[in-house]
Amino acid sequence: MASPNSYKLSCSIPGHEMDVRGLAAAIFPDGAFMSVSRDRTGRVWVPNSRGFTEMHCMTGHENFVSCVCIIAPSDTYPRGLIATGGNDHNICVFTLDQPQPLFTLKGHKNTVCALSSGKFGTLLSGSWDTTAKVWLNEKCMMTLQGHTAAVWAVVILPEQGLMLSGSADKTIKLWKAGRCEKTFTGHEDCVRGLAVVSDLEFFSCSNDATIRRWLVTGECVQVYYSHTNYIYSLAVFPNGQGFVSTGEDRTLRIWKQGDCQQTIRLPAQSVWCCCILPNGDIAVGASDGLIRVFTEVEDRMASPQDLQAFEDELSKTTIDPKTGDLGDIKMEDLPGREHLEEPGNRDGQTRLIKEGQNVEAYQWSVGKVIGKLLYAEYDFVFTIDINEGGPSMKLPYNVTDDPWLTAHNFLQKNELSPMFLDQVANFIIENTKGHTLGAAAPSAADPFTGSGRYIPGAADNRAGFGADPFTGTGRYIPGSGTPTGAPVGVADPFTGEGAYSSAASRQTSTNIYFPKTDSVTFEQANATQIMAKLKELNGGAPGEYRLSEEVLESLEKLLVSVCNPCASEQPTTEQISLLWKTSHWPEDIVFPVLDILRLAVRHPQVNDSLCGGDADDGVALCNHLLSLMKPQGRPANQMLALRILCNCFSGWRGRSLLLAQREAVLSHAADLCSVCNKNIHIALATLVLNYAGSLHGQPDLEAKAQCLSVASAALESVQDKEAVFRLLVALGTTVASDQTAQDLAKSLGVMSQIAKYTSVTDPAKVGECCQLVLKELQ
């Protein structure tokens with residue numbers, strides 16, 4: 001038997017006509033794997049006595065195919081599914097025995113270059129359009145936005161709800177329930193690959209020729225050096241004790257115990273991908289269109305004749321650097337190493353230096369040389385003129401490089417338009433004829449003033465609705481006080497001082513909690529105290545904001561009319577206009593005006609006017625409230641802005657407005673999860689609940705996915721039991737009678753996240769509701 005370190009060729013598998021860009025080990029048939037290529041096909045390979053044979057060829061993409069993954073078996077598809085992503089912006093999903101797609105997923109706006117599958121049929125995709133998307137049951141459930149360049153790599157971690165994305169912006173992002181939880185920095189160039197080690201660790205590889213091992217908590221625990229060029233792919237051995245990598249340096253490298261223990265060179269320009277087969281063998285795909293399998297088991301090694309043929313082929317592709325060309329640069333004219341002592345002219349300046357018979361490129365930072373650039377010995381250095389009359393740019397190139405990738409990186413580094421990609425790549429190909437390897441690749445404190453200091457909820461520790469009375473001497477404590485006039489009882493657990501007790505007469509498991517489709521609003525207030533505070537603050541307001549007695553009287557009439565359903569006077573257009581104008585007071589004094597606005601938007605006439613009398617008016621209201629909700633803002637304003645949004649749901653125009661602005665509103669609201677304020681958390685939970693109720697029975701799965709995401713994110717930090725209860729009702733309302741939403745909730749780890757609330761008995765409604773949500777998800 002061969003030693004554990006010694007992998008040798010087992011077989012070479014022809015079939016693809018162009019670069020093999022992706023590989024994935026299959027679940028069925030036993031020992032099989034899948035490949036995808038720039039020839040627009042995917043192929044299923046099954047083992048035989050001499051290696052592998054093609055089971056069938058899959059077609060369906062209109063351009064080259066760049067990635068593949070296996071979706072785990074389900075009751076519907078007991079053999080699993082195959083997903084492929086392509087340059088046509090689409091994802092095709094196949095069964096194992098049909099050459100045409102079962103269905104096609106559309107939504108990305110550029111090449112889909114990475115795929116990963118998770119539990120319950122979840123699929124994660126990464127694209128050159130800078131986004132990652134979460135798919136389930138043929139629908140896009142979430143779009144993960146945050147990267148500023150192409151998303152080259154994605155992976156779903158074993159812990160439900162955790163996902164990773166790697167990007168050309170040099171960062172890795174950790175996503176939980178659709179929200180970015182952490183950004184990992186350290187790589188100095190594009191992140192090209194990701195691979196899971198365990199629940200807590202993962203690998204990344206990059207164009208900076210390094211591999212990094214990370215903890216999901218954010219620490220980089222090890223950096224691996226050995227590759228001399230871009231690293232494209234990684235695969236981890238099943239025991240987690242080693243891994244393999246491939247890259248632009250034409251090698252497969254096998255890593256054990258933190259070291260590169262074996263390097264296998266291949267006769268191809270780019271080794272794009274690798275995967276580890278169930279028997280421990282390694283399959284790699286390269287730019288020559290071949291798949292090669294390597295094994296450490298002697299019985300599966302190729303014959304001596306085939307091994308020798310492989311070595312002979314490898315020797316023929318070794319290039320003599322002396323045959324290289326420097327384009328229009330004459331080597332004898334280049335400066336020597338003595339010029340490294342001279343200061344650079346600008347940050348990032350690159351100079352070509354003659355070193356013997358080679359040319360090396362060095363880069364300067366703040367006038368000082370910071371080292372030789374990676375891949376510093378070039379076969380060609382071209383001068384590229386993009387802008388007529390503008391400065392020319394140098395494009396170093398080795399004949400072992402992919403001209404399309406070189407062109408792409410050159411344009412990105414110099415911030416040039418992608419429209420020049422074909423022009424630059426074809427220039428490289430035309431000027432390196434006779435020196436290329438293989439076929440060229442196609443395109444590829446409270447704000448209160450005076451005597452009162454704002455302490456949220458200080459006067460009341462009950463987990464209630466958070467009523468808004470003033471408490472004497474003009475001291476206003478948002479979230480304190482006792483709600484009045486609200487109906488109580490088992491029929492509505494949202495009312496009655498925020499505490500719901502299970503009635504003795506109710507012994508059944510009847511679900512009285514969800515789905516809850518009527519809106520929950522914040523009703524309580526003391527109009528006298530609100531006006532007292534407004535007048536007090538107006539006395540100290542800057543001159544340009546100070547209100548006249550006439551304006552104050554108009555606002556008071558408006559407040560009385562919206563607080564008294566039996567009022568004879570209705571809000572006037574002038575009063576509504578004055579309220580809107582005054583809501584733009586300075587942020588340190590605006591809170592009593594916001595409280596009037598909170599109460600006013602419940603009135604049909606005010607709701608119609610501010611939320612949709614004119615489309616621009618509604619958007620302006622949303623944008624103003626969102627500006628008050630920024631995380632660094634004032635807690636009173638944040639809470640009141642959330643409550644205003646909740647109360648907008650009381651009218652159909654307000655509901656329509658907030659559904660149209662849902663993505664921005666929920667995104668801003670979710671940013672307040674980390675604010676330590678129970679009244680903000682209750683308002684946030686109520687907003688999510690109102691969205692869930694408005695979406696119940698609707699087919700908008702992406703909107704429901706955002707509700708699930710925000711509710712899940714909030715449950716990570718919210719402690720107040722009333723807020724937790726409302727989030728549980730929001731979850732229950734979102735998944736009730738919706739199998740796709742249930743599957744997504746399970747894939748996001750919602751069941752394990754909320755299980756701890758099943759034992760809560762104070763208040764009982766939390767435990768009862770949680771058990772009902774879990775029952776819905778089982």
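Quick note: numbers below take in every heavy atom, side chains included, and nothing from hydrogens, waters or symmetry partners. Numbers here are sequence positions counted from 1.
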With K756 via side-chain contact (heavy atoms from CB on, under 4.5 Å) - residues at least two apart: none
Could you pull out the closest heavy-atom pair between A692 and T733, with the gap in Å? O-CG2, 3.6 Å
Can you name the residues that form a side chain to side chain donor-acceptor pair (under 3.5 Å) with T183, not counting sequence neighbours? K173
For residues 699-712, which residue pairs qualify under salt bridge (Lys or Arg N to Asp or Glu O under 4.0 Å), counting only residues two or more places apart or in two chains? K704-D738
Quick one: NE2 on H681 to CG on L672, what's the gap to the nearest 0.5 Å? 8.0 Å
What donor-acceptor contacts under 3.5 angstrom involve side-chain atoms of residues 555-567, with partners at least two apart or in another chain?
{"residue": "S561", "atom": "OG", "partner": "K557", "partner atom": "O", "Å": "3.3"}
{"residue": "S561", "atom": "OG", "partner": "L558", "partner atom": "O", "Å": "2.7"}
{"residue": "N564", "atom": "OD1", "partner": "C566", "partner atom": "N", "Å": "3.0"}

Not counting sequence neighbours, which residues clear side-chain contact (heavy atoms from CB on, under 4.5 Å) with A670? List them please. R179, V710
Minimum-distance pair of heavy atoms, taken over all atoms of I70 and S117: O-OG, 2.5 Å
Listed by chain and number, what are the side-chain contact (heavy atoms from CB on, under 4.5 Å) partners of S74, not counting sequence neighbours? T76, Y77
Quick one: which residue pairs count as a ring pair (Phe, Tyr, Trp, His ring centres under 6.0 Å) with a foot in residues 743-778, not counting sequence neighbours? none
Counterpart residues, side-chain contact (heavy atoms from CB on, under 4.5 Å), relative to T122 (two or more places apart): V134, L136, I156, M163, S747
Please round to the nearest 0.5 Å and tell me the distance separating atom CG of L625 and atom CG of L594. 7.5 Å
Calculate, to the nearest 0.5 Å, the distance between atoms CD and CG belonging to E587 and N637 respectively. 6.0 Å
With sequence neighbours left out, which residue pairs that include part of residues 618-664 fulfil the ring pair (Phe, Tyr, Trp, His ring centres under 6.0 Å) condition? W580-H624, H584-H624, F649-Y691
Where S198 and L157 come nearest, the two heavy atoms and their spacing: O-CD2, 4.4 Å
Under 4.0 Å between a side-chain nitrogen and a carboxylate oxygen: does that hold for E523 and R643? no
Side chain to side chain donor-acceptor pair (under 3.5 Å) against Q706, all qualifying residues, sequence neighbours excluded: R662, S667
The complete set of salt bridge (Lys or Arg N to Asp or Glu O under 4.0 Å) pairs with one or both residues in residues 132-142, sequence neighbours excluded, reads none
S759: side chain to side chain donor-acceptor pair (under 3.5 Å) partners, not counting sequence neighbours: none
